[in-house]
Chemist: 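Before I ask anything, let me first share the structure, which is written out below as structure tokens.
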There are 2 protein chains.
Amino acid sequence: MNEPHIHSPASPNARPTAREQIAACGGRVTRTRLAVLEALHGSAHPLSHDELGDMLAAEAIAHDRVTLYRALDWLVERGLARRIAGGDRAWRFEVVRGAAHRHAHFHCDRCGQVLCLEQLEAAPAAALPTGYSVERAELVLHGHCAACGPEHSAAEIR
Amino acid sequence: MNEPHIHSPASPNARPTAREQIAACGGRVTRTRLAVLEALHGSAHPLSHDELGDMLAAEAIAHDRVTLYRALDWLVERGLARRIAGGDRAWRFEVVRGAAHRHAHFHCDRCGQVLCLEQLEAAPAAALPTGYSVERAELVLHGHCAACGPEHSAAEIR
DNA sequence: CTTCTAGTGCAACATTGTAGCATCTGGCGT
DNA sequence: ACGCCAGATGCTACAATGTTGCACTAGAAG
């Protein structure tokens with residue numbers, strides 16, 4: 001585990017660029033990693049593989065699903081991104097903004113959209129049997145987003 | 001764990017048997033549903049599809065993965081069972097014991113075991129954007145269980 | 001510019017879950 | 001007890017998501 005707090009020499013207080021973040025982790029700066037990290041930085045909500053794949057395809061960058069998987073794995077492993085398990089069995093990814101900042105997520109069961117709930121902190125450990133150790137907590141609220149409506153069956157959506 | 005087998009059709013206050021539960025939902029009492037529901041009732045922790053499949057195979061009941069999927073879907077749909085998303089992309093299932101009783105779960109990232117944390121209620125809604133509605137909250141703690149050890153890499157453990 | 005190896009791309013595979021359809025059977029009426 | 005038939009089952013085939021192995025490409029260091 002290392003410190004991704006390497007700032008650009010010119011602007012020590014600014015958020016490091018994607019390029020700087022990648023280099024600071026000892027990895028090569030490749031178009032795939034760059035594009036993925038920038039896409040995550042630019043998105044208001046966590047992105048699925050599929051969404052990222054579409055974005056990269058639009059930029060004619062990644063021509064392979066596997067490359068994307070590996071780039072994401074690398075980002076997660078280096079602490080630059082975080083993996084979130086949605087209700088379906090597809091991962092979502094978001095950038096890690098603050099070191100210890102963990103927030104809950106909202107998953108729309110209708111359209112699959114995932115939203116960050118910055119205000120809601122995932123409450124950590126309660127009474128666990130001895131020998132158990134908690135590394136992280138994931139709090140996911142399920143329901144319907146505004147676009148999908150509270151209850152009326154909007155069959156035409158999606 | 002706490003299975004008081006005191007369920008006769010004549011005692012309306014006791015917990016209904018699996019057979020009664022199924023019949024009460026308007027479904028046919030088949031060996032698959034019966035075996036699945038009883039397996040869930042008898043288990044201290046949520047069971048994965050795989051585990052259930054093995055149990056049914058041992059009893060020579062379900063000869064098909066699909067049948068098991070459908071039986072579980074039916075139980076969930078009728079409110080007799082509940083589906084939990086683990087860290088991997090396999091569902092776990094547990095019986096619904098009390099109508100509104102929702103508890104958190106612990107997922108061992110090493111062996112995949114899931115544990116119920118009865119004391120820990122999944123804290124519901126916080127500030128959500130207008131138009132969003134929450135149906136349920138899932139709180140999952142991730143870490144290592146006692147068998148897998150807190151940090152030493154026990155490579156021989158699955 | 002050359003070299004070394006991390007990263008990429010491809011193909012094949014693994015796991016988990018669904019769809020369609022023929023067959024069987026639990027519960028019902030007779 | 002008998003037969004009916006929609007609901008359940010058991011196939012096979014398929015879909016979605018993620019992983020592994022290996023040959024090839026291209027960052028970046030010298």
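Protein chains get the first letters and strands the later ones, always in sequence-line order, with residue 1 at the start of each. All values below come from the heavy atoms of this structure, side chains included, with hydrogens, waters and symmetry mates left out. These numbers come from a predicted model, not from an experiment.
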Chemist: Would you say a side-chain N or O of A/His49 is under 4.0 Å from OP1 or OP2 of D/dG18?
Modeler: yes

Chemist: Can you confirm whether A/Arg83 is buried at CZ, in the sense that more than 12 heavy atoms of other residues, nucleotides or ligands lie under 6.0 Å from that atom?
Modeler: yes

Chemist: Taking only N and O in the side chain of B/Thr32, is any of them less than 4.0 Å away from OP1 or OP2 of D/dT9?
Modeler: yes

Chemist: Pick the closest DNA chain C nucleotide for B/Val66 and for B/Arg19 by heavy atoms, then say which residue is nearer the 5' end.
Modeler: B/Val66

Chemist: Taking CG from A/Asp73 and P from D/dG18, how many angstroms apart are they, rounded to a whole number?
Modeler: 10 Å

Chemist: A quick test of your reading: do over 12 heavy atoms of other residues, nucleotides or ligands sit less than 6.0 Å from CZ of A/Arg19?
Modeler: no

Chemist: Nearest-Å distance, CH2 (B/Trp74) to P (C/dG17)?
Modeler: 20 Å

Chemist: Given the structure, check if the side chain of B/Arg70 and the base of D/dG10 hold any donor-acceptor pair shorter than 3.5 Å.
Modeler: yes

Chemist: B/His63 NE2 to D/dT12 P: how many Å, rounded?
Modeler: 14 Å

Chemist: How many whole angstroms separate atom CH2 of A/Trp91 from atom P of D/dT17?
Modeler: 14 Å

Chemist: Give a yes or no on whether a salt bridge exists between A/Asp64 and A/Arg70, defined as a side-chain N under 4.0 angstrom from a carboxylate O.
Modeler: no

Chemist: How many whole angstroms separate atom CZ of B/Arg31 from atom P of D/dT9?
Modeler: 8 Å

Chemist: Rounded to the nearest Å, what distance is computed from the CZ atom of residue A/Arg33 to the C1' atom of nucleotide C/dT8?
Modeler: 10 Å

Chemist: Taking the side chain of B/Thr67 as heavy atoms from C-beta outward, which of D/dG18, D/dC11, D/dT9 is closest to it?
Modeler: D/dT9

Chemist: Could you point out which residue of A/His107, A/His45, A/Arg92 forms a side-chain hydrogen bond (donor to acceptor under 3.5 Å, both in side chains) with A/Gln113?
Modeler: A/His45

Chemist: Is it the case that D/dA6 (base atoms only) and B/Arg28 (side chain only) share a donor and an acceptor within less than 3.5 Å, ignoring hydrogens and angles?
Modeler: yes

Chemist: Nearest whole Å is fine: how far is D/dT19 C1' from B/Asp88 CG?
Modeler: 15 Å

Chemist: Write down the distance between CG (A/Asp64) and P (D/dC24), rounded to a whole number of angstrom.
Modeler: 16 Å

Chemist: Is A/Arg89 side chain donor-acceptor paired with the C/dG17 base, going by distance under 3.5 Å alone?
Modeler: no

Chemist: Verify the contact: side-chain N or O of B/Thr30 to OP1 or OP2 of D/dG7, cut-off strictly under 4.0 Å; return yes or no.
Modeler: no

Chemist: Please say which of A/Val114, A/Leu115, A/Leu139 ends up in a side chain to side chain contact (heavy atoms under 4.5 Å, CB included) with A/His105.
Modeler: A/Val114

